[in-house]
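Note sheet for the following structure.
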Number of protein chains: 2
Amino acid sequence: MNTVCLPLGMARDEIVKMDELIKERIRVPKGSALYQQGDASEAIYGLRSGSLKTQIQDRRGQAQITGFLLPGEILGLDGLMDNTQVSHAIALEDSEVCVIRLDEMDQIASRLPILQTQLRRLMSKEINRSHTLLLALGGLRSEQRVAAFLLNLSERFQALGYSPSAFILRMSREEIGNFLGLTLETVSRLLSRFTRDGILDVRHREVHILDRHALQALAETDGG
Amino acid sequence: MNTVCLPLGMARDEIVKMDELIKERIRVPKGSALYQQGDASEAIYGLRSGSLKTQIQDRRGQAQITGFLLPGEILGLDGLMDNTQVSHAIALEDSEVCVIRLDEMDQIASRLPILQTQLRRLMSKEINRSHTLLLALGGLRSEQRVAAFLLNLSERFQALGYSPSAFILRMSREEIGNFLGLTLETVSRLLSRFTRDGILDVRHREVHILDRHALQALAETDGG
DNA sequence: CGATCAATTGAGCCGTCTCAATTTGGGTGG
DNA sequence: CCACCCAAATTGAGACGGCTCAATTGATCG
């Protein structure tokens, strides 16, 4: 359970202390928000089960999905600047998170210094994830983006102990498109094409990766 | 000086303690790297003078500039995941940074808890900056991106006490294009067009914003 | 079983990229 | 100080990728 909430390599006795931190849990029904832009934020959240999307929105309503979250991943790291949420976190299916209050965390961290390091790592990881995504949006063709997206999901499912070659997309084509800077039609067309080429088997939201090698090649091809 | 290195609102007596942290400085000549992908990282850096770019690179050489840094801003927050740099930081002009070692920081933070909070805020801010950039690359037209880029620079120069309406671009058209997910030609064409329309006066790398209102309108127009 | 929303597929258009030719500016050595 | 050279920037013409608009099919859920 705790490994789900702050999974980076901690010793067993350290995990015991962690229990003090993680008392509270929140259920988030499909379609509802764990938090919204403008909410006060004194905590971060570890996703225990289900999946969520996070998105930001500018003043005129233009939205950008910044991430899809799977169990074991952390939400709310972008809200620690001034204790106000700057993004929305919305459940893609019925989900459950555990709550890690920042003030409690600081108290415990005085006895368990590694905790600060862990948080720092998690935040740094999120920065890297964003930067990688920037590279995708700035430099990759639509084909490569969708291929890379599927491979990324695949790896994360595998890390959770699920099959890397067969999984369910919990998000719509439109959400994938928004995330990747494409339209839903482009995403749909590419999934169809990959299927036609024998690389995938896509039925609705169920994806089977038939030729991982070809998919990796697509993700890395120079587009020429 | 210290306000430059960790500028978020700290009381005067707190700043005194900060002096212990920031002994070392590094000069970075134009074109050279403060650090490179793969280097060990035990510190973060506060930019004192000059300007730098940070960029990541995937295995086949595809590069993405993830930020342009101005004095007072922090570098290296993306390298705290496993003490290895994942990006390059390259000086756009002769620059100077101060060094903040993470282990020293943790020691001092035990007497000065606000320090952890500050770092957390800085990292959260960087996450938000990346997410905002994602929105730009994913959802804005070239026109809007370039307009938003100029306005962002303008605000940051103003925050430093410089003119918000007249400044020098320290980066090439190619670097701007890479950062914004555009080609250098597109950037050049747009700067020319904005000039033709009386919104800007662009001479080489010297930019004058003549009609801020129009520029803001461009950055926010729905593209229709 | 009908209503509604998600996904697929097609046709045509537009914006941005690509390729290429000039122009301009900065730095260097004669 | 001027001439030259190289890199950066501008500008143009044409191609192409992804978007827009639109119609159809397929799921999901009362």
Side-chain angles (χ1 to χ4, degrees), chain A residues 29-31 53 62 64-65 90 92-94 136-150 168-197 200-208 218 221-224, chain B residues 29-31 53 62-65 90 92-94 136-150 168-197 200-207 218 221-224:
Chain A
K30 175 174 178 172
K53 65 173 174 178
Q62 162 84 280
Q64 173 70 39
I65 295 175
I90 298 164
L92 297 174
E93 58 190 313
D94 289 350
L137 296 206
L140 303 188
R141 317 210 146 285
S142 61
E143 220 181 48
Q144 301 173 286
R145 294 187 207 181
V146 173
F149 172 73
L150 292 172
I168 306 282
L169 299 173
R170 304 251 89 115
M171 68 296 286
S172 68
R173 302 288 189 266
E174 183 171 18
E175 288 168 327
I176 297 172
N178 179 293
F179 179 62
L180 296 176
L182 303 169
T183 58
L184 69 97
E185 292 94 332
T186 297
V187 173
S188 177
R189 269 185 258 270
L190 287 169
L191 291 178
S192 297
R193 187 159 104 222
F194 293 170
T195 299
R196 212 176 307 126
D197 293 348
L200 300 179
D201 182 15
V202 180
R203 295 225 170 96
H204 330 310
R205 294 191 176 186
E206 192 177 335
V207 175
H208 288 250
L218 276 174
T221 300
D222 270 309
Chain B
K30 175 175 179 172
K53 65 173 173 178
Q62 162 85 279
Q64 173 69 38
I65 295 175
I90 298 164
L92 297 174
E93 59 190 313
D94 289 350
L137 296 206
L140 303 188
R141 318 206 148 286
S142 62
E143 220 180 49
Q144 302 174 286
R145 295 186 206 181
V146 173
F149 172 72
L150 292 172
I168 306 283
L169 299 173
R170 304 253 89 115
M171 68 295 287
S172 69
R173 302 288 189 266
E174 184 171 17
E175 288 168 328
I176 297 172
N178 179 293
F179 179 63
L180 296 176
L182 303 169
T183 57
L184 69 95
E185 292 95 331
T186 297
V187 173
S188 176
R189 269 185 258 270
L190 287 169
L191 291 178
S192 297
R193 187 159 103 222
F194 292 170
T195 299
R196 212 176 307 127
D197 294 348
L200 301 178
D201 183 15
V202 180
R203 296 225 170 95
H204 329 309
R205 295 191 177 187
E206 192 177 334
V207 174
L218 275 174
T221 299
D222 270 309

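Only this structure's heavy atoms are used, side chains among them; waters, hydrogens and symmetry mates stay out. Below, chain A is the first sequence line, B the second, and so on; all start at residue 1. A quick note: this is a predicted structure, and the numbers were derived from the prediction, not measured.
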Does a side-chain N or O from Ser142(A) land closer than 4.0 Å to OP1 or OP2 of dG17(D), or not?
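No, no such contact exists.
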Tell me whether the side-chain N/O atoms of Thr186(A) come closer than 4.0 Å to OP1 or OP2 in dG18(D).
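No.
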[X] [atom1] to [N] [atom2]: how many Å, rounded?
X: Leu190(B); N: dT16(C); atom1: CG; atom2: P; value: 8 Å
X: Arg141(B); N: dG17(D); atom1: CZ; atom2: P; value: 18 Å
X: Arg170(B); N: dG26(C); atom1: CZ; atom2: P; value: 13 Å
X: Arg189(B); N: dA8(D); atom1: CZ; atom2: C1'; value: 15 Å
X: Arg173(A); N: dG18(D); atom1: CZ; atom2: P; value: 18 Å
X: Arg193(A); N: dG17(D); atom1: CZ; atom2: P; value: 9 Å
X: Leu137(A); N: dG18(D); atom1: CG; atom2: C1'; value: 14 Å
X: Lys30(A); N: dC5(C); atom1: NZ; atom2: C1'; value: 12 Å

Check each residue of residues 177-184 of chain B for a non-hydrogen atom within less than 4.0 Å of any atom in DNA chain D, then write out the ones that pass by number, or none.
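DNA chain D contact set from residues 177-184 of chain B: Leu184(B).
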Partner residues of Arg205(A) under the salt bridge (Lys or Arg N to Asp or Glu O under 4.0 Å) criterion, sequence neighbours left out:
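Checked Arg205(A) against salt bridge (Lys or Arg N to Asp or Glu O under 4.0 Å); zero matches.
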Just so I know, are the side chains of Val187(B) and Phe149(B) near enough to count as touching, which here means a heavy-atom distance under 4.5 Å?
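Side chain of Val187(B) against side chain of Phe149(B), heavy atoms only: no contact under 4.5 Å found.
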Arg205(B) near the nucleic acid: base, sugar-phosphate alone, or nothing, with a heavy-atom cut-off under 4.0 Å?
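The answer is sugar-phosphate, as Arg205(B) gets under 4.0 Å only of primed atoms, P, OP1 or OP2.
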Give the angle between the helix axes at the two ends of the helix from dC1(C)-dG30(D) to dG30(C)-dC1(D), taking five base pairs at each end and rounding to 10°.
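One end axis against the other gives 40°.
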Between the base of dC19(C) and the side chain of Glu185(B), is there any donor-acceptor pair under 3.5 Å?
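For Glu185(B), whose side chain was compared with the base of dC19(C), there is a donor-acceptor pair (under 3.5 Å).
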Options dA9(D), dG17(D), dT10(D), nucleotide nearest the side-chain atoms of Ser172(B):
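So the nucleotide nearest the side chain must be dA9(D).
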Kindly give the heavy-atom pair with the smallest separation between Leu190(A) and Glu143(A), and that separation in Å.
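That would be CD1-N, 3.8 Å.
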State whether the number of non-hydrogen atoms from other residues, nucleotides or ligands found under 6.0 Å of Glu174(A) atom CD is greater than 12.
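Result for CD/Glu174(A): open.
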